[in-house]
Amino acid sequence: MIELAWSILELIRKNPEEYKRHLVKRQMDAALADRFYQVDLRWRKIQVELNELRHRHNVISRSIGKTRDPEEREKLIAEARALLARLKELEAEFERLDAERRDIMMQLPNIVAEDVPVGGEEDSLPIEFWGRPKVWRGHIEAFLEQTEKYGFKVDYDVIDWRPVGHADMLEHVLKLGNTLKAGEVAGSRFYYTFNDIVWLDIALLLYAIDHMTSKGYVLVTPPYMLRHKVMSAVVDLETFKDAIYKIEGEDLYLIATAEHPLAALYFKEEIYDDELPIKLVGISPCFRKEAGAGNRDLKGIFRVHQFHKVEQFVFSLPEESAKIHEEIITNARELFQGLGLPYRIVNIASGDLGACAIKKYDLEVWMPGQGRYREMVSASNCTDWQAFRLGIRLVRRKGMVRDYVHTLNSTAIASTRTITAILENYQREDGVVEIPKVLRRYLEIFKGAPKDYIYPREKPPAGPWRKTS
RNA sequence: GCCGCGGUCGCCUAGCCUGGUCAGGGCGCCGGCCUGCUAAGCCGGUGGGGGAGACCCCGCGCGGGUUCAAAUCCCGCCCGCGGCGCCA
């Protein structure tokens, strides 16, 4: 018997109850698995009948070619026609079943890793803290809620003045952003940024690709749009609905992250085991509808429709993906340690995982203006979920066995979010923002770029502005 | 955008005109024999699915159509190459 190569299909056929437990962990309806099991069973049965019928038809059809006697020929053709009528009926049923089966199959989420906390968003578990957060006196209680509650003793500095939130910093203190005008001409969650903030954006991206390429990751500019068949293979249904922009009148979708085109780099390809791991670092703009976000983070540039991101992506051997997952989150740790931004690593709870991932780490930076840790990085192990949908096979040289590669992705740096973290963490009482030392080498070569500090201004360098506050 | 040519089982390629032998061959890869070891040589394997299995079905860029029968004929789409046009 041929081994079922996709882990989820194999699991449902062999042990549907086990798979249902994973659905429950994800707070999903376990009936999905039952439905698939039944449809799959019937699909297999019909296929047997269909093959039988087709075989008989093929036998007759082949014999027609060898028959010289015209009378005999007519008889055989009539017989083939009769068989064909029955075949058509059965084929119609099979096609209906096959469509239903594929439809459910595309909805099946990955399993949940053993060491993922079970529950909803509130059950996500911080597992590590780094750095020395600046905590405003009024946020101390909230800070302890986010640290000591989980059994971690995190040293922090108390500050007496209240840091200005990133949105107000950008727009009203530094005056280097304009979301009002952007809102008018493009819509909410768009922005104009100017001068030093743009330099900061670019410096962050350079810093991230410098760090990643020095580790041997291959630098990639990917397509910023993908076809439907590719996009739907890379993301789950929810993401598609809530995040993906479509190009009017074309079969093209804007990427929400470089993860999508990077995963697609090996669309329908075979990868030999001795080529793995393949480590990529992509740089691209990201476009997101943020349809499910409601009113959250409406101000500033924390949650926007468009930003730049440097993304890590790895194709790996199945037996190595857990190890590589640790590697990519560690790369992110290094980047944020370099920036001197205090963070915590969170093991995301089962109910909050995307359908693709068996396990996800978020890196959240302490935001002194908001008094909260906020997500900057997300690192997922998708095992063979994406690879199956993209048809990316793994060929093991020993015995030429075929299964699926594993895929992993993680943010390296998302520019706008990281800027908000810098604006809050490097802010002084007088409103001056210090530039993290590690970024300075990427700025010093440019005459017009800021070097050490970004200073508050009286009025913006460009764009309409009315004195309000 | 227009015209012409092309897309074959990992890679290269035959078959297409003139529909019907298992889609043939080369390379690579895997396994075996041989060998002190390697190479050469020889034998077998090398797309997907179903079936407990003997086997069977599907697969020639994708999707339709004609036919008892399609890699082969017809239509649409995608991609590549060459030429023309247009624009950086």
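The basis for the numbers below is simple: all heavy atoms, side chains too, and nothing from hydrogens, waters or symmetry mates.
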A/Tyr253 side chain to A/His260 side chain, donor-acceptor N/O pair below 3.5 angstrom |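 Absent: no donor and acceptor within the cut-off.
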Classify the side-chain pair A/Tyr442/A/Asp210 by whether it contains a donor and acceptor separated by less than 3.5 Å.
->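 Checked: A/Tyr442/A/Asp210 side chains pair up, N/O donor to acceptor below 3.5 Å.
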Got a sec, which pairs hit side chain to side chain donor-acceptor pair (under 3.5 Å) with one end in residues 93-103 of chain A, sequence neighbours left out?
->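 Every side chain to side chain donor-acceptor pair (under 3.5 Å) pair that includes a residue of residues 93-103 of chain A, provided the two are not neighbours, is A/Asp40-A/Arg101, A/Arg42-A/Glu93, A/Trp43-A/Asp98, A/Asp98-A/Arg102, A/Asp103-A/Gln107.
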Residue pairs involving residues 47-56 of chain A (criterion side chain to side chain donor-acceptor pair (under 3.5 Å); sequence neighbours excluded) =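 Of all non-adjacent pairs touching residues 47-56 of chain A, those that pass side chain to side chain donor-acceptor pair (under 3.5 Å) are A/Arg54-A/Glu91.
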Using a cut-off of less than 4.0 Å, is there contact between a side-chain N or O of A/Arg13 and OP1 or OP2 of B/G50?
->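 The answer is yes; a side-chain N or O of A/Arg13 sits under 4.0 Å from OP1 or OP2.
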Verify the contact: side-chain N or O of A/Arg402 to OP1 or OP2 of B/G47, cut-off strictly under 4.0 Å; return yes or no.
->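 Checking B/G47 against A/Arg402, no side-chain N or O comes under 4.0 Å of OP1 or OP2.
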Writing each nucleotide of RNA chain B 5' to 3' as (, ), [, ], | or . by Watson-Crick or G-U pairing under 3.5 Å yields ((((((((.[[[[.)....(...]]]]((((((.......))))))((((....))))..[[[[[..)....]]]]])))))))....
With heavy atoms under 4.0 Å as the rule, sort A/Leu83 into base, sugar-phosphate or nothing.
->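 Nothing, no nucleic acid heavy atom in range.
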Base, sugar-phosphate alone, or nothing: which one does A/Arg393 contact when heavy atoms must sit under 4.0 Å apart?
->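 Sugar-phosphate, no base atom in range.
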Among the nucleotides [options], which one has an atom lying closest to any side-chain atom of [X]?
X: A/Tyr272; options: B/G10, B/C68, B/G48; answer: B/G10
X: A/Arg397; options: B/A69, B/G10, B/C29; answer: B/C29
X: A/His55; options: B/C57, B/U46, B/C68; answer: B/C57
X: A/Met400; options: B/G48, B/C68, B/G28; answer: B/G28

d(NE2, A/His228; C1', B/C78) in whole Å =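 After rounding, the reported distance stands at 16 Å.
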Between C1' of B/C11 and CD of A/Glu275, the distance in whole Å |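 My rounded result for the distance is 13 Å.
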Is there any protein nitrogen or oxygen under 3.5 Å from a nitrogen or oxygen in nucleotides 58-63 of chain B, and what are the pairs?
residue, atom, partner, partner atom, Å
B/C58, OP2, A/Asn58, ND2, 3.1

Distances under 3.5 Å between nitrogen or oxygen atoms of protein and nucleotides 19-23 of chain B:
residue, atom, partner, partner atom, Å
B/G20, O6, A/Arg73, NH2, 2.8
B/G20, N2, A/Ser61, O, 2.7
B/G20, N2, A/Ser61, OG, 3.4

Not counting sequence neighbours, list each pair that qualifies as a salt bridge (charged side-chain N to carboxylate O under 4.0 Å, His left out) and has a residue in residues 242-271 of chain A.
->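 Of all non-adjacent pairs touching residues 242-271 of chain A, those that pass salt bridge (charged side-chain N to carboxylate O under 4.0 Å, His left out) are A/Glu270-A/Arg402.
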